[in-house]
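Notes for the one structure printed next.
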Amino acid sequence: MPELSFACTEARPEPYAASPSLQFLLRIGESTGVRMHSVALRCQLRIEPHRRRYSGDEAAKLTDLFGDTSRWGETLKPMQLATISVMVPSFRGEIEVPMSVPVTADLEVATAKYFHGLDDGDIPLLLLFSGTAFYAAEAGLQVELVPWHLEVNYPLPVAVWRAVMAEHFPNATWLRLRADTLATLQRYRTDRGIISLDDAVDELLKRAGEQP
């Protein structure tokens, strides 16, 4: 039977991606020397917010997500980032494979809200693996399940996530509005000859005294 091991060696912006994506490099090892025909791998990525410390500014920005800091002992629960399928090709000994993980800038999504609330440092991720391994043996092709206990902690640098967002949405992000709210904002912009929706919001904030 094969003895598999997993490690995450790097995370970087996915090159040439049409939408914001992170590329994780997975190092997969097999210690008994058997020839692995392939591995139909599934990786569940979770954010574990309780595994890092937060500055005062970060805590303030995360209040909407986790509530007051006095409750964080109860509210800092793991969040599901993604579940990704990867087909690992034939190898013996060790192989490194890329895994593409889509991310979003939509602030209505809890994971994006969490990422936006961090100034620097790392995002504590837990990678949990499952799937089916196919390997060569004297009796022919054999099949084994990837053990559920194989998991990896990976500290994703906040700077890497920011680089992904800056590449696709430089100095911008997404804000979801109701259709009627957007229509009203567009009329406000058109009636006053304002160039963009961004400028319209900026003018409204100035009128409300929220902008200098």
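The figures that follow rest on heavy atoms only: side chains count, while hydrogens, waters and symmetry mates do not. Index from 1, following the sequence.
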For Phe134, the option from Met36, His37, Glu144 that meets side chain to side chain contact (heavy atoms under 4.5 Å, CB included):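 Among the candidates, only His37 passes.
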Tell me if a side-chain donor or acceptor on [X] pairs with a main-chain N or O of [Y] at a distance below 3.5 Å.
X      : Y      : answer
Tyr114 : Ile123 : no
Thr75  : Arg71  : yes
Thr190 : Arg187 : no
Tyr154 : Phe24  : no
Glu58  : Asp119 : yes
Arg12  : Val160 : no
Arg52  : Asp122 : yes

Spatial distance of atom [atom1] ([X]) from atom [atom2] ([Y]) [nearest 0.5 Å]:
X      : Y      : atom1 : atom2 : answer
Leu125 : Gln44  : CG    : CD    : 12.0 Å
Ser5   : Leu150 : OG    : CG    : 8.0 Å
Ile194 : Arg189 : CD1   : CZ    : 8.5 Å
Thr111 : His116 : OG1   : NE2   : 9.5 Å
Phe115 : Met79  : CZ    : CE    : 7.5 Å
Leu81  : Leu127 : CG    : CG    : 9.0 Å

For the residue pair [X] and [Y], establish whether any side-chain heavy-atom pair is separated by less than 4.5 Å.
X     : Y      : value
Val88 : Leu26  : no
Phe91 : Glu96  : no
Ser19 : Thr104 : no
Thr69 : Leu62  : no
Ile47 : Leu156 : no

Taking all atoms of both residues into account, what is the closest heavy-atom pair of [X] and [Y], and its distance?
X      : Y     : value
Met99  : Cys43 : SD-CB, 3.6 Å
Pro49  : Leu76 : O-CD2, 3.6 Å
Ser90  : Ile95 : O-CD1, 4.2 Å
Glu167 : Pro13 : OE1-CB, 4.1 Å
Ala136 : Val34 : O-CB, 4.3 Å
Asp68  : Thr63 : N-CG2, 4.3 Å

Would Glu30 and Tyr135 count as having a side-chain donor-acceptor pair, cut-off 3.5 Å?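 Absent: no donor and acceptor within the cut-off.
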Donor on one side chain, acceptor on other, Asp198 and Ser196, under 3.5 Å: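 Distance-only check fails for Asp198 and Ser196.
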Hydrophobic clusters here meaning ILVMFWY residues chained together by side-chain heavy-atom distances under 4.5 Å, can you tell me if [X] and [Y] are in one?
X      : Y      : value
Leu128 : Val152 : no
Leu182 : Leu107 : no
Leu4   : Met1   : yes
Val103 : Leu126 : no
Leu25  : Leu45  : no

Take atom [atom1] in [X]; do more than 12 heavy atoms of anything else shown fall under 6.0 Å from it?
X      : atom1 : answer
Ile195 : CD1   : no
Gln80  : CD    : yes
Arg192 : CZ    : yes

Ser85 vs Arg42, test: side chain to side chain contact (heavy atoms under 4.5 Å, CB included). Steps then yes/no. CA-CA 4 Å; Ser85 296; Arg42 286 175 63 82; 3.4 Å; yes
What verdict does the side chain to side chain contact (heavy atoms under 4.5 Å, CB included) test give for Leu41 and Val97, after you've listed the backbone C-alpha separation in whole Å, the side-chain angles of each residue and the deciding distance to 0.1 Å? CA-CA 11 Å; Leu41 187 66; Val97 295; 5.7 Å; no
Might you work through the salt bridge (Lys or Arg N to Asp or Glu O under 4.0 Å) test for Asp57 and Lys61, ending with a clear yes or no? CA-CA 6 Å; Asp57 288 342; Lys61 288 185 285 188; over 6 Å; no
Name the orientation class of the two ring planes belonging to Phe6 and Phe129 (parallel below 30°, tilted from 30 to 60°, perpendicular beyond 60°).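 It falls in the parallel class, under 30°.
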